[in-house]
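Take a look at the structure below.
Residue numbers begin at 1 in each chain, while the letters A, B, ... track the order of the sequences. Everything numeric here is computed off the predicted structure, so don't read it as measured data.
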Amino acid sequence: MGVEICVEGLTKSFGNQVIWQDVSLTLPAGEVSVMLGPSGTGKSVFLKTLVGLLKPERGSITIAGQDITKLRERDLYEVRKLFGVLFQDGALFGSMSLYDNIAFPLREHTRKPESEVRRIVLEKMDMVGLIGAEDKLPGEISGGMRKRAGLARALVLDPEIILFDEPDSGLDPVRVAYLNQLIVDLNAQIDATFLIVTHDIASARLVPDNIGLLFRRELVMFGPRDKLLTSDEPVVRQFLNGRMQGPIGMAEEKDAAQVEQELAELGTDGNSGDGEASATPMTPRLLPSPGVTRPPRWQAIAEREAELHEPKQQQKQEQEQQQQKQEQEQKQQTQQTQQQKEVTDA
Amino acid sequence: MSLSPTGALKHSGSLFAMALDVIRTLPRRPFQLREFIQQAWFIASVTILPTALVSIPFGAVIALQIGSLTRQLGAQSFSGAASVLAVLREASPIVTALLIAGAGGTAICADLGARKIREEIDAMQVLGIDPIHRLVVPRVLATMLVAVLLNGLVSVVGVAGGYFFNVVMQNGTPGAYLASFTTLAQLSDLWAAELKALVFGAIAAIVASYKGLNAKGGPKGVGDAVNQSVVITFMLLFVTNFVMTAVYFQIVPQRG
């Protein structure tokens, strides 16, 4: 069972530069949450603060009843055993083979015999599709493989909380799709609390239960997926639609007058913007693969998704049937004409 | 690195704090024997050859300087005594310091720095492993061991080099050179030199680890960290050398 993370009034700055302030949110136990934000808004810093690698200036982070911002170093190491973290580049140990990398936490923290270690490591490697690459060094494999190996290493201690730092950066779209499926399957299997930090909107729409958006040194919004996808907040809508028009600029933020003008233009331009917005909530959620046994939570989600998107599917089916009919008719017609030709030739 | 006076104080403070952390972590079990042996072997392998090659000319220069001086004074029989004294007391700790900081320290700093910027250190901390315990303590102990052994090597090679230049090149008498060995130098000189080497090893490894673990800003950050670590280590080692020599002269009665 996952663990709830409760963040309250968190503020972090480097020197005079405030990264974000007064961030309060609760990551519900066992659910998948995504933290979105333009580049440079301190998403990775947020992640590192959650595991206690960086100390916030103010605020508290409560995990399993302990405020980790106030823990002593030694107790912090104990709490961290609850975590599995996938770093941006996998953060594998360059001097060890993939097998040793993945076995590392087991060898350090448990007294399991080597045969048991081997069984667990191979199981996790199979899970991320890395069987056959055990003896490779991290320098010899592609970025995608490094990422999957990092994920396998994060999983070996059966963590209660798994944090992903940009799991989709530097991966091709197909691998991103596989990784998203893997994340959902994992959540159904091990029931841990997931937090994914990313700026990939497509994944953010497909995967999570909750979405948060960091912008302009604060948490703009955090809540259930439907709420953010249908939100009218300009920043949220701009980011989720990947538009240029809106409060987010190339450097950091635009001045208010320009934003208003752009949004007005967008409104008069036609319905393209609204069309996008109304299309967003219809994105169906990614469900666990058919082979994965679904816990009650996922069953409920699957049923709700089915209800939401069934009408659409029926329409599609009807359309397909109509198309098939038309095609058949055309075929018949061509056959008839051919027959007629044959007759006339004869 | 900020140039403000408080910045310098802060860095000294953090460095000292890390040294205390290392001492505090020292007795924690399990001891990382494998890492210790690997690191000792690695540091020895990068320092032994340069140390030997540096100490031969060091011994030779001392022999040349003293040789001509003693000949002018008619005290050739003392050239062995002076050569041993110089090599044992000053040359060997200084050469050891240079090599430990320049070859061993840089290797440690570059290694840890590269791990830091690749987020390996963060990953290790997140996996619940204290890098001070897992990485720094074995490196500090390994460097101390190698420094002590290097000091012995420098003494032997330096004295041998001095012998060669004094006896073979300057036609000194071997018997007089060997017989005067212990007229000025004494056994406590060797112990003092070994103690110095031990302390130098600890300082070099702690500074290198501190700089490596605090590297930031990509590959350039690692280069800067190595650069700073060498400069800081040299300064610290020469100051320490001076202080320890001064204290040694006060504590141990001198011969001659």
Side-chain angles (χ1 to χ4, degrees), chain A residues 14-16 44-45 47-54 68 72-96 100-111 138-139 146-147 149-151 153-157 159 161-166, chain B residues 1-4 6-7 10 14 17-18 20-22 24-25 27-35 37-39 41-42 107-108 110-139 212-219 222:
Chain A
F14 290 122
N16 293 327
S44 297
V45 173
L47 205 112
K48 285 186 177 173
T49 313
L50 277 190
V51 282
L53 287 175
L54 297 170
I68 66 157
R72 290 187 311 145
E73 195 79 352
R74 184 170 294 190
D75 300 325
L76 199 54
Y77 280 112
E78 285 304 311
V79 174
R80 281 192 189 134
K81 289 179 189 170
L82 293 174
F83 282 98
V85 180
L86 171 61
F87 285 91
Q88 260 181 41
D89 195 33
L92 299 171
F93 305 127
S95 55
M96 298 183 196
D100 289 332
N101 257 295
I102 297 167
F104 184 79
L106 286 173
R107 287 177 179 155
E108 293 288 326
H109 286 310
T110 65
R111 295 185 176 279
R146 274 203 289 274
K147 218 159 252 194
L151 182 58
R153 190 181 61 184
L155 291 176
V156 286
L157 284 180
I161 304 160
I162 306 182
L163 309 178
F164 299 82
D165 193 358
E166 306 211 351
Chain B
M1 193 174 171
S2 61
L3 288 172
S4 69
T6 52
K10 216 166 93 182
S14 321
M18 192 170 119
L20 290 182
D21 274 345
V22 170
R24 207 187 55 187
T25 320
R28 199 195 299 170
R29 300 287 152 240
F31 179 68
Q32 301 292 334
L33 188 66
R34 212 182 135 89
E35 184 86 12
I37 293 171
Q38 278 176 348
Q39 285 300 318
W41 180 251
F42 168 71
I108 291 174
D111 178 30
L112 292 184
R115 288 172 187 231
K116 171 73 183 173
I117 63 157
R118 281 205 308 260
E119 293 188 315
E120 282 186 26
I121 303 290
D122 289 348
M124 196 172 256
Q125 283 179 317
V126 169
L127 291 171
I129 296 154
D130 183 1
I132 302 251
H133 175 234
R134 185 66 172 71
L135 299 175
V136 177
V137 167
R139 278 169 175 70
L213 288 182
N214 287 291
K216 49 174 166 268
V222 179

When you compare the side chain of [Y] with that of [X], does any pair of heavy atoms fall below 4.5 Å?
X	Y	answer
Q125(B)	L76(A)	no
H109(A)	I129(B)	yes
K48(A)	D122(B)	yes

Side chain, backbone, both or neither of L163(A) within contact of chain B (heavy atoms, under 4.5 Å): neither

For chain B, the option from V79(A), L53(A), L86(A), L82(A) that forms the most heavy-atom pairs under 4.5 Å: L53(A)

Between R153(A), E78(A), K81(A), the one whose heavy-atom pairs under 4.5 Å with chain B are most numerous: R153(A)

Partners meeting ring-ring contact (aromatic ring centres under 6.0 Å, His included) with F87(A) (sequence neighbours left out): none

Per-residue contact mode, Q38(B) against chain A (heavy atom under 4.5 angstrom): neither

Under 4.5 Å from any heavy atom of chain A - which part of R115(B): side chain

Side chain to side chain contact (heavy atoms under 4.5 Å, CB included) against R24(B), all qualifying residues, sequence neighbours excluded: D21(B)

Over all atoms of both residues, closest heavy-atom pair of P131(B) and Y77(A): CD-OH, 3.4 Å

Spacing of CD belonging to E119(B) relative to CG belonging to D89(A), to within rounding of 0.5 Å: 8.0 Å

Most contacts with chain A, counted as non-hydrogen pairs under 4.5 angstrom, among D130(B), D111(B), I121(B): D130(B)

